[in-house]
Amino acid sequence: MQNQFIMAGVMGWPVAHSRSPAIHNHWIQHYGLTGAYGLFPVKPQELETAIRGLQALGLAGCNITIPHKVEAMKFMDWVDPLAQRMGAINTIVRQPDGALHGFNNDGFGYIQSLREEQPTWRADTGPIVILGAGGASRAILLSLMDEGATEVRILNRTRSKADALTEEFGSGVTVVDWSERQNALSGAALLINTTSQGMHGQSSLDIDLAQLPISAVVSDAIYIPLETPLLARARLRGNPTVNGLGMLLHQARPAFQAWFGVMPEVTPALRQAIIATL
Ligand code: NAP
């Protein structure tokens, strides 16, 4: 068991809404470790100074959230190849020699969450439809391809962003026009919403599910609310559903392991603790 007090945290702007302190401090207590995880509100123009400060302050590292995920890469000494492909990092790990290494665990979080709730799920079961082409979409797409997905259809309101996202992939990834989203659901085995539509305070996603097979898993990256209008509609028509909380919880695990030396578990108690904050 470690004796040293270990500090980590999350840098974002704004960052007060982040559930990461609740997740990591729950694990610190659960595993009887000595340390703390804090919130660091960092303005964009102060990001470099704040990141360089990790070394001076002796922090084990930190999470990086909106709006710093892309910019923070510039200040790393090394970036994990998967994070490089994603073009963004969400975790910094300070090495014993002081070097800063960047990682992105969002895709890992999504896949782990899906596996946990749908244990028989396989990436090559059938076509996968991804709505949205932002940061979450890119992380999930790359992880699905690494898992062996063979057919992915990407749709985004702004089509050019979906085209840019899929440039590096072969024929297995196709872009479908947003206006065709109803038809794109035909024969799908997995539907993933990575748009912000359906989030608390936003309008719900405008999509007719009639063509989606009842066997298709419907998942949402959003976790506030826990059940988005999309998930509620899918559940009522009989589709299995997966909300965004598991992605949030599982993405935190590799970072915790890197900083505190323990690969933590997502337990019902942790879920309940975080749900109580939503
Ligand atoms: P982002 O990069 O800003 O992307 C936002 C996406 O939403 C874009 O594709 C955007 O389309 C689309 N969108 C926005 N308004 C729309 C509308 N009115 N109609 C249709 N599409 C619309 O954001 P992100 O970082 O990818 O995050 C996306 C969602 O995932 C957020 O709700 C976030 O909370 C969630 N998320 C969850 C986790 C987790 O751990 N569970 C992790 C990361 C993100 P345009 O390109 O046309 O603007």
Side-chain angles (χ1 to χ4, degrees), residues 10 12-15 17-24 63-72 83 86-91 103-117 129-144 152-166 175-182 184 191-208 218-231 241-256 266 270-271 274-275 277-278:
V10 54
W13 184 262
V15 76
H17 65 278
S18 172
R19 266 68 187 181
S20 292
I23 298 170
H24 289 275
N63 283 126
I64 296 290
T65 190
I66 289 169
H68 303 318
K69 287 183 172 187
V70 174
E71 192 66 12
M86 290 177 182
I89 58 171
N90 76 345
T91 301
F103 301 86
N104 191 321
N105 302 318
D106 279 342
F108 169 88
Y110 177 77
I111 299 288
Q112 292 296 309
S113 164
L114 200 53
R115 285 240 161 82
E116 182 180 54
E117 299 193 39
V129 178
I130 303 181
L131 304 174
S137 172
R138 186 167 179 81
I140 290 172
L141 171 63
L142 281 162
S143 299
L144 287 170
V152 183
R153 305 167 189 163
I154 308 263
L155 299 94
N156 193 49
R157 178 183 60 173
T158 310
R159 182 178 170 128
S160 56
K161 283 196 205 163
D163 288 332
L165 190 73
T166 59
V175 176
V176 179
D177 214 73
W178 186 249
S179 61
E180 286 297 310
R181 57 195 179 282
Q182 270 77 245
L191 169 64
I192 311 164
N193 176 41
T194 72
T195 77
S196 48
Q197 295 296 279
M199 212 161 103
H200 176 71
Q202 301 266 349
S203 53
S204 57
L205 193 63
D206 173 22
I207 189 165
D208 181 346
V218 179
S219 71
D220 209 316
I222 293 169
Y223 55 90
I224 303 177
L226 218 44
E227 184 174 68
T228 58
L230 170 71
L231 294 186
T241 61
V242 179
N243 65 44
L245 182 61
M247 176 177 174
L248 177 76
L249 299 176
H250 281 280
Q251 63 77 31
R253 294 172 59 222
F256 188 88
V266 171
L270 173 66
R271 275 185 188 274
I274 304 307
I275 288 171
T277 73
L278 300 181

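First listed ligand is number 1; within each ligand, the first listed atom is number 1.
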Quiz item: Is the closest side-chain heavy-atom distance between V15 and T65 below 4.5 Å?
Solution: yes
Exercise. Kindly identify the option in I154, T195, L248 whose heavy atom sits closest to atom 6 (C) of ligand 1.
Key: T195
Quiz item: Against heavy atoms of I222, which atoms of ligand 1 measure under 4.0 Å?
Solution: 32 (O)
Practice problem: Kindly indicate whether atom 18 (N) of ligand 1 is approached by any protein heavy atom to under 4.0 angstrom. | Solution: yes
Quiz item: In the protein, what heavy atom is nearest to atom 30 (O) of ligand 1, and what distance, to one decimal place, separates them?
Solution: A221 CB, 3.6 Å
Quiz item: Just checking, is any N or O donor in the side chain of Y110 or S219 under 3.5 Å from an acceptor N or O on the other one?
Solution: yes
Quiz item: Which residue holds the protein heavy atom closest to atom 28 (C) of ligand 1, what is that atom called, and what is the gap in Å?
Solution: T194 O, 3.0 Å
Practice problem: Measure across S20 and V10 and return the closest heavy-atom pair with its distance rounded to 0.1 Å. | Solution: CB-CG1, 4.3 Å
Exercise. Give the residue and atom name of whichever protein heavy atom lies nearest to atom 45 (P) of ligand 1, and the separation in Å to one decimal.
Key: T158 OG1, 3.5 Å
Quiz prompt | Nearest-0.5 Å distance that lies between atom OG1 in T166 and atom CG in N156 | solution = 10.5 Å
Quiz item: With a cut-off of 4.0 Å, which atoms of ligand 1 are near a heavy atom of Y223?
Solution: 41 (N)
Self-check item: Separation between CG of L131 and OG1 of T194, rounded to the nearest 0.5 Å
Solution: 7.0 Å
Quiz prompt | Test item: Q251 side-chain N/O and L248 main-chain N/O as donor-acceptor pair under 3.5 Å | solution = yes
Exercise. Look only at the side chain of R253 and the backbone of H250, and say whether a donor-acceptor pair between them is shorter than 3.5 Å.
Key: no
Practice problem: Mark up the atoms of ligand 1 that fall under 4.0 Å of a heavy atom belonging to K161, in ascending order. | Solution: 45 (P), 46 (O), 48 (O)
Self-check item: 4.0 Å protein heavy-atom contact status of atom 3 (O) of ligand 1, strictly under
Solution: no
Exercise. Specify side chain, backbone, both or neither for Q202, according to which of its non-hydrogen atoms lie closer than 4.0 Å to ligand 1.
Key: neither
Self-check item: Ionic contact status for R181 with D206, cut-off 4.0 Å
Solution: yes
Self-check item: Spacing of CZ belonging to R271 relative to CG belonging to L249, to within rounding of 0.5 Å
Solution: 5.5 Å
Quiz item: So is G109 close enough to ligand 1, meaning a heavy atom under 4.0 angstrom away?
Solution: no
Exercise. If you have a sec, work out which protein heavy atom is nearest atom 44 (C) of ligand 1 and how many Å separate them, to one decimal?
Key: A136 CB, 3.7 Å
Practice problem: For atom 14 (C) of ligand 1, decide whether some protein heavy-atom distance is shorter than 4.0 Å. | Solution: yes
Quiz prompt | Identity and distance of the protein heavy atom lying nearest atom 42 (C) of ligand 1 | solution = M247 CE, 3.6 Å
Quiz item: Just by modelled atom types, is the A184 backbone N or O under 3.5 Å from a matching donor or acceptor in the R153 side chain?
Solution: yes
Quiz item: Which ligand 1 atoms does G134 reach within 4.0 Å, using its non-hydrogen atoms?
Solution: 2 (O), 4 (O), 9 (O), 26 (O)
Quiz item: So how far is it from R159 CZ to D163 CG, rounded to the nearest 0.5 Å?
Solution: 4.5 Å
Quiz item: Looking at atom 23 (O) of ligand 1, what's its closest protein heavy atom, distance included?
Solution: G135 N, 4.6 Å
Quiz prompt | D106/R138 ion pair, N-O < 4.0 Å | solution = no
Quiz prompt | Per-atom contacts, ligand 1 versus G244 - under 4.0 Å to a heavy atom | solution = 41 (N)
Quiz item: For atom 11 (O) of ligand 1, which protein heavy atom lies nearest, and how many Å away is it?
Solution: N156 OD1, 3.2 Å
Quiz item: How close does the nearest protein non-hydrogen atom get to atom 32 (O) of ligand 1, and which residue and atom is it?
Solution: M199 SD, 3.0 Å
Quiz item: Which of the atoms of ligand 1 are close to G132, meaning less than 4.0 Å from one of its heavy atoms?
Solution: 9 (O)
Quiz item: Under 3.5 Å, is there a donor-acceptor pair linking the side chains of R19 and T277?
Solution: yes
Quiz item: Can you check whether A133 has an N/O within less than 3.5 Å of an N/O in ligand 1?
Solution: yes
Practice problem: Can you figure out which of R157, R138, R19, H200 has its heavy atom closest to atom 22 (C) of ligand 1? | Solution: R157
Self-check item: D220-N193 side chain donor-acceptor pair, cut-off 3.5 Å
Solution: yes
Quiz item: For ligand 1, which atoms sit closer than 4.0 Å to a heavy atom of W178?
Solution: 20 (C)
